[in-house]
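Following: one structure in structure tokens, then a few remarks.
Here the structure is a predicted model, which means the values were calculated and not measured.
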Amino acid sequence: MKYRDRIEINPEILVGKPIIKGTRISVEFILELLANGWDTEQILKNYPQLTKEDIIAAIEYSLEILKEEKVYVI
């Protein structure tokens, strides 16, 4: 799956944070729910505008960002 089809960055929505297209739900918020122990079913029940593919896209987007991160010794 290509997360680019589901993730949008628009400076006019949530100050440019990456969101799920067509919503005001940020990738950060989805990851926070997962980090707090929510499973996919709980997220979908509480946020019916999302799909399982949206949650996967949020994870894929985050993974891509982390892969690009570089650490330099000072």
- Cluster link I65 to L33, ILVMFWY, side chain under 4.5 Å: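 Yes.
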Shortest non-hydrogen separation from [X] to [Y] and the atoms involved:
X: Y3; Y: E60; value: N-OE1, 3.7 Å
X: I7; Y: P18; value: CG2-CB, 3.9 Å
X: L31; Y: S62; value: CD1-OG, 2.8 Å

- Which of these, D54, I56, L50, sits in a side-chain contact (heavy atoms from CB on, under 4.5 Å) with K52?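 Only one option passes, and that is I56.
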- Query: Taking the inter-plane angle between the rings of Y47 and W38 on a 0 to 90° scale, is it parallel (under 30°), tilted (30 to 60°) or perpendicular (over 60°)?
  - Reply: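 Tilted: the ring planes of Y47 and W38 meet at 30° to 60°.
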- Message: Can you confirm whether I9 sits close enough to Y61 that some side-chain heavy atom of one is under 4.5 Å from a side-chain heavy atom of the other?
- Response: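 Sidechains of Y61 and I9: in contact.
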I need the [X] [atom1] to [Y] [atom2] distance, nearest 0.5 Å.
X: N46; Y: E41; atom1: CG; atom2: CD; answer: 11.5 Å
X: D39; Y: L44; atom1: CG; atom2: CG; answer: 9.0 Å
X: I20; Y: T51; atom1: CD1; atom2: OG1; answer: 7.5 Å
X: I59; Y: T40; atom1: CD1; atom2: OG1; answer: 6.5 Å
X: R6; Y: I55; atom1: CZ; atom2: CD1; answer: 10.5 Å
X: K17; Y: R24; atom1: NZ; atom2: CZ; answer: 11.5 Å

- Message: Could you list the cluster mates of I19? Members are the ILVMFWY residues connected by side-chain heavy atoms closer than 4.5 Å, either directly or through other members.
- Response: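 Members besides I19, by chain and number: I13, L14.
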- Task: Can you tell me which residue pairs pass the ring pair (Phe, Tyr, Trp, His ring centres under 6.0 Å) test with a partner in residues 4-24, sequence neighbours excluded?
- Result: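 Listed by first then second residue: nothing to list.
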- For K21, all residues meeting side-chain hydrogen bond (donor to acceptor under 3.5 Å, both in side chains), sequence neighbours excluded: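 Per chain and number, K21 pairs via side-chain hydrogen bond (donor to acceptor under 3.5 Å, both in side chains) with no residue.
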